[in-house]
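Written out below as structure tokens is the structure these notes cover.
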Amino acid sequence: MFLDFRRDVESLLRDSLDRCEFESMIREEGTIDLELETCPHADLASTVSFRLAPVLRRSPASIAKDLENMIELPPDGLVGRVEAMGPYLNFFSSRRFLDSVLVQAQGDECWNASPKGRAIVEHTSANPNGPLHVGHIRNSVIGDTLVRILRRAGYDVESQYYVNDMGRQIAIVVWGLDRYPMDESKPDHAIAKVYIEANRDLEADLSLVSGVDELMQRYEAGDQEVAARFRSAVDLALFGLGETLVRLNISHDSYHWESEFVRDGSTEQILRSLELTGLTELDEGALQLDLSSEGFEKKLVLKRSDGTSLYTTRDLAYHRWKAQVSDRVVDVLGADHKLISGQLKAALRLMEVREPEIVIFEFVSLPTGSMSTRTGKFITADELLDEVESQAYQEVTTRRPEEGEEFRRAVAKDVGLGAVRYDIVKVSPDKATTFDWKSALDFEKLSAPFIQYSHARACSILRKADQKEFDPRLLAAEEEVALIKKIAQFDMVIERAAAELKPHQLATYARELAESFNQFYRCSPVLEAEPRIKEARLALVNAARKCLKVTLETLGIPAMEAM
RNA sequence: GGGCGUGUAGCCUAGCCAGGACAAGGCGGCAGCCUCCUAAGCUGUAGAUCAGGGGUUCGAAUCCCCUCACGCCCGCCA
């Protein structure tokens, strides 16, 4: 679709540069950047003339004119028109392009890119010491959307949850379970209560801390009885976490426990590999890595003086394994991991292991300050989902009073899920946000229901008519052409979001697509149009419906047929 | 103190990495549209020294430097 058009424009422009012999004049600088971009004035515009002007000592406008004159448009290509507008070189798609988009969009193949390789995306990986809160799910939603985008872009993706089962937090939970029984609530919530109580005790009486240390040492040493207690506590928490993730339409293909990488010896192998670099040293019994050559002043501790391993060392083992079995490794991490992930990458470089691509998201705070599992200051994802769904139920009851209970419940569930996911994914990950109930419960334009609604309207039209043969050339109204072009951009948006790992670009596209459809909906009546126009418009509605559905699914948001 | 990130209308956000043709949306405000395919929609309107200052450039919200404000980090925690 649009990528085909862009490829044709690139080749036409390169040919033209060759014919004008511009390229040879500045070849020593390498190939010319064609400077193609989408803009309001053309389907693709090039500003390459500005770049050429100082080298050729000519005005950008005259260069653009020459380039325009030297372009030979094939009679039946995707590029319909080229026009030098001052210094800009504007390219417009052809009628054939619009027709082919409309035909392709009736099928299912055009929504998936060709195979690219294997990718591993690690996301969520919250400590199993409590439920997911509204900060954690920013990780989950960004991560899961990236998984879906990469799949669309042609990657064979495995999503992984890295379980921190060897950390202090989980040892505190295991220790606390001896003193406090879990109550009847959802297991992750019950574990959090134990964790909060245990922390309170440990802070009140520092002599208790040795009990936690001992548990950690026995776990790492392979004590069977302790291992069983750890496993049982972690499993309980993960079970609860998993239920929340299901509500968010998120699932992981595999779970990997930190302790795996200790037991199979790969953490020890990491230590040996790093010792070979000659940059390690013992300081008071602890093994440290000097990363000053990589720009880190502080030394990275790899092994405690009591011989136990540390999070980063185990993480290095995990990352070396991931790099070995895939073509792309992506981690989604909170802003508090910026430094440590930089050190991780540096250590991997020293071992000549391919570094992961790290997507950092900034924190979600509450109006009252930052969240904390330890002190119990958080809004859980479960609470949020309950509240949003209940609000959505009221909305749908107001708007569709004639519909039955079952319909309204189902719509509320899908609207609620969509609203939560879209609200998170629409914001760029590097923006810190403050959680706000009012905005979370808003179902208007800049939200998922806006897009779901467009899809439902398209479905409603299609339900009322049978699709027959159509002539795409009959779609020439401004809004119709704009909608076709917007649909065509799907492949480019996916490619870019997958390359840059920016899921919010897809959220922006989804809103634009829905807007284009709504404008078409207003201007072009379908069912009442004369037969041949009606068939063509039905085909466009069908194309838009498919594109909206695929876009929503890639965002992990349900596309209902009615709402 | 050092590092990283952010600062765009009353509020929230896109655009910034790859500088280019009028800074794009939403919420809220104001004025309209349901004898017409679902009004969770659509149309119009008002509202911006793109944090501030300097620099590079034919051209800067976008690149560089400085300042200010906010967030995160700088553990033998994870």
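Throughout, protein chains are lettered first and strands after them, A, B, ... in sequence-line order, and every chain is numbered starting at 1.
At least one side-chain nitrogen or oxygen of A:K298 sits closer than 4.0 Å to the OP1 or OP2 atom of B:G75. Using a 4.0 Å cut-off, some side-chain N or O of A:R457 falls inside it from OP1 or OP2 of B:A39. The side chain of A:R374 contributes no N or O atom lying less than 4.0 Å from OP1 or OP2 of B:C77. Remark: A:R314 is in phosphate contact with B:A78, judged by side-chain N or O atoms under 4.0 Å from OP1 or OP2. When the side-chain nitrogen and oxygen atoms of A:N518 are compared with OP1 and OP2 of B:C42, one or more of them lie within a distance under 4.0 Å.
The partner of B:C16, taking Watson-Crick or G-U wobble pairs whose two distances both stay under 3.5 Å, does not exist in any strand shown. Base-pair partner of B:A69: B:U6 (Watson-Crick or G-U wobble, both distances under 3.5 Å). Across all strands shown, nothing is found opposite B:C22 as a Watson-Crick or G-U wobble partner with both distances under 3.5 Å.
Rounded to whole angstrom, the span from the CZ atom of A:F50 across to the C1' atom of B:C63 amounts to 17 Å.
Contact between A:Y318 and A:F261 at its shortest, heavy atoms only, is CD1-CZ, 3.4 Å.
B:G29 and B:A9: their C1' atoms are spaced 13 Å apart (whole Å).
Side-chain atoms of A:E500 and base atoms of B:A18 include a donor and an acceptor less than 3.5 Å apart. Counting distance only, with no hydrogens placed and no angle test, the side-chain atoms of A:S305 and the base atoms of B:C76 include a donor-acceptor pair under 3.5 Å.
In the set B:U13, B:C77, B:G20, B:U13 carries the atom at the smallest distance from any side-chain atom of A:V427.
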Identify each atom pair where a protein N or O and an N or O of nucleotides 30-33 of chain B are less than 3.5 Å apart, giving names and distance.
none

Could you run down the sub-3.5 Å N/O contacts of the protein with nucleotides 71-73 of chain B?
residue	atom	partner	partner atom	Å
B:G71	N2	A:K338	NZ	3.2
B:C72	O2'	A:A335	O	3.3
B:C72	O2'	A:D336	N	3.4

Side-chain donor-acceptor contacts of residues 456-463 of chain A below 3.5 Å, not counting sequence neighbours, with atom names and distances?
residue	atom	partner	partner atom	Å
A:R463	NH1	A:E561	O	3.2

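Within 4.0 Å (heavy atoms only), A:K299 reaches no atom of the nucleic acid at all. Using a 4.0 Å heavy-atom criterion, one finds that A:F450 contacts the sugar-phosphate atoms exclusively. Among the heavy atoms of the strands, none lies under 4.0 Å from A:D306. Base contact: A:P40 has a heavy atom under 4.0 Å from a base atom.
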